[in-house]
Engineer: 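Encoded as structure tokens, here's the structure I'll be asking about.
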Amino acid sequence: MNTREYNECVKQYSDGIFRFIVKNMRDEFEAENIVQNTFEKLWVRIEMVEMKTAKAYLFKIAYNNMIDVIRKNKKHTDLESAGHVASENYEYDNLIEYVNKAVQELPEKQKSALTLRDYEGHDYRSIGEITGMSESQVKVNIFRARKYIKEYINKLEIMTL
Amino acid sequence: MKLNKDNYELVMFDLLEGNLSENNELHVMKQIEEDEFFFREWKLFKSTVLIADKEVIFTGKGSLLKEEVTVAPVPMFGKWMAVAASICILAAAIILWPRSSIAPEVMVSDIEEHDSSPIDIVPEEVIAEKQENGVKDETDMFLPTELRSIVSQPQQNLVQGYTPPVVGEEGKDNFVFIQEVALTPEQMAQIEKNGQDEFDKQIALSKSQKPIDLEVEMLDDKIENKIIDELEPVNAIVVDNTAPVTPKTLTRREKVLAFVTNQPIRRITATTAVIIAKVKDPKFKVKPDFKSARPSLNIEFESAGYSAIASLQPFKNKN
């Protein structure tokens, strides 16, 4: 990869990485730092990365960086606490906000797999390379994430009726 | 694929993910539309698809972008540059090459355009007048007419106007050696009695009978002795340049005349003029040899078709 291709990666993938991190961490400041670090690492290894694998490479670096930050800040949530949070937030007045709230309550692997799948259109194989999971694990995590969101939305609809 | 309470979530998930074939999709969609529960569940499943917020963008792209170094393509003119450099070097070598200070062309043209008119001979009246009036340069009167005319003219005129006598075989480009003689008092008296022309005739007769055809480099002791022997019929005495012969019976005036006649500078000048008149592409070399048992100074002169070597050995007679 040369400088021109690197700049093309910045223009093409920085927004997606930023949205992926923001969706998972809900912290734009941390997301910016992670994006910066991600592309700095790419620049250091620019001669070792090919353009066709640059997208997966960037998301993998961003994902690992995000996991490190989350573990450091202990901000990750688990599925068990999701019910309490959902039941306490009735102010969401549209479906998108419900879904976003549900996504925030997903485990990191489910959240990451789901966001990579829906936001960037990665296939199971690519998601597995980024997150370090197998394709079947990716599929299971995405399934569990959708099921949880569906149940989350269903609970809110029942409560608001 | 039949939907039921146990498998509808997995089937709907595959339908949402696009993992079903086209026929299965149509078949599943038909079942979903026909069942209200499944339809509601499908509606919730579709809600789980996350939609990216396009308004969320990364604003720090400018800090990540790197300056692209554009390398201007340099035309490959290597071969033509090498050719141009070679031409420049060749031209510089031709222009700056050191040239000989003597232009051979000038010498050739001078020789070709020299005046071949007869040599002016000093009339007898003038000689007599000079003798009576005590002429300063009396040497000319006692020289052969050939040498007299050479010595009496400036060097430039000598080169252009003097035609040396042909000595040696006809058609052979031999080097000319002019034999000079010192006159004895008897000879001078003979000249005064019979005139200069008669004396010159005798000299010319002696040369025509036995021409001297020598190269300068042959001037060793044996050759010199041979020349002296050959000149005896005209009663001429070959005198060594370094040791002029002065008989005991000579008066003071005769000694002076003999000495003046034997002036080496004039002879050298005249001889050199003759040589220069025929020289082309002259080269002059001086080779001193002071380390050998007999120190010498060899002077080599080369031109087109000619070569002369003069060896000076000042101490050769001591041993």
Engineer: Would Thr48(B) and Lys147(A) satisfy side chain to side chain contact (heavy atoms under 4.5 Å, CB included), going step by step from the backbone distance to the final call?
Structural biologist: CA-CA 8 Å; Thr48(B) 61; Lys147(A) 185 178 179 181; over 6 Å; no
Engineer: Report the distance from atom CD of Glu40(A) to atom CG of Leu64(B), rounding to the nearest 0.5 Å.
Structural biologist: 7.5 Å
Engineer: Around atom NZ of Lys66(B), are there more than 12 heavy atoms from other residues, nucleotides or ligands closer than 6.0 Å?
Structural biologist: yes
Engineer: Heavy-atom distance under 4.5 Å to chain A: side chain of Glu67(B), backbone, both or neither?
Structural biologist: backbone
Engineer: Should Arg40(B) and Asn154(A) be marked as a side chain to side chain contact (heavy atoms under 4.5 Å, CB included) after you check the CA-CA gap, both sets of side-chain angles, and the distance that decides it?
Structural biologist: CA-CA 10 Å; Arg40(B) 187 175 177 275; Asn154(A) 192 24; 3.0 Å; yes
Engineer: Could you report the tightest heavy-atom contact between Val56(B) and Phe18(A), atom names first, then the distance?
Structural biologist: CG1-CE2, 3.5 Å
Engineer: Within this structure, what is the CZ-CZ distance for the pair Arg144(A) and Phe13(B), rounded to the nearest 0.5 Å?
Structural biologist: 11.0 Å
Engineer: If you count heavy-atom pairs under 4.5 Å with chain B, which of Val99(A), Ile17(A), Val35(A) comes out on top?
Structural biologist: Val35(A)
Engineer: To the nearest 0.5 angstrom, please state how far the CZ atom of Arg4(A) sits from the CG atom of Leu65(B).
Structural biologist: 13.5 Å
Engineer: Please check if the number of heavy atoms outside Glu34(B) that lie under 6.0 Å from its CD is greater than 12.
Structural biologist: yes
Engineer: Locate the shortest heavy-atom distance separating Gln36(A) from Gly60(B); write the atom from each residue and the value.
Structural biologist: NE2-O, 4.0 Å
Engineer: What verdict does the side chain to side chain contact (heavy atoms under 4.5 Å, CB included) test give for Leu44(B) and Glu151(A), after you've listed the backbone C-alpha separation in whole Å, the side-chain angles of each residue and the deciding distance to 0.1 Å?
Structural biologist: CA-CA 8 Å; Leu44(B) 289 174; Glu151(A) 292 175 353; over 6 Å; no
Engineer: Within a radius of less than 6.0 Å around CZ of Phe37(B), do more than 12 heavy atoms belonging to other residues, nucleotides or ligands occur?
Structural biologist: yes
Engineer: Measure Ile51(B) against the heavy atoms of chain A and call it side chain, backbone, both or neither at under 4.5 Å.
Structural biologist: backbone
Engineer: Roughly how far, to the nearest 0.5 Å, is the CG atom of Asp14(B) from the CZ atom of Phe143(A)?
Structural biologist: 8.5 Å
Engineer: How far does CZ of Arg117(A) sit from CD of Glu17(B), to the nearest 0.5 angstrom?
Structural biologist: 4.5 Å
Engineer: Heavy atoms only, distances under 4.5 angstrom: which of Thr115(A), Leu114(A), Val22(A) has the most pairs with chain B? Name it, please.
Structural biologist: Leu114(A)
Engineer: In plain terms, say whether Asp15(A) and Lys54(B) are close enough for a salt bridge, that is, a side-chain N and a carboxylate O under 4.0 Å apart.
Structural biologist: no
Engineer: In terms of heavy-atom pairs under 4.5 Å, which option from Leu42(A), Asn100(A), Asn7(A) contacts chain B the most?
Structural biologist: Asn7(A)
Engineer: Which atoms of Tyr124(A) come close to chain B, meaning under 4.5 Å heavy atom to heavy atom: side chain ones, backbone ones, both, or neither?
Structural biologist: side chain
Engineer: Using non-hydrogen atoms and a 4.5 Å limit, figure out which bit of Ile142(A) sits close to chain B: side chain, backbone, both or neither.
Structural biologist: both
Engineer: If the threshold is 4.0 Å, N to carboxylate O, is there a salt bridge linking Lys150(A) and Glu41(B)?
Structural biologist: yes
Engineer: Should we say atom NZ of Lys60(A) is surrounded by more than 12 heavy atoms from elsewhere, each under 6.0 Å from it?
Structural biologist: no
Engineer: Roughly how far, to the nearest 0.5 Å, is NZ of Lys111(A) from CG of Leu50(B)?
Structural biologist: 11.0 Å
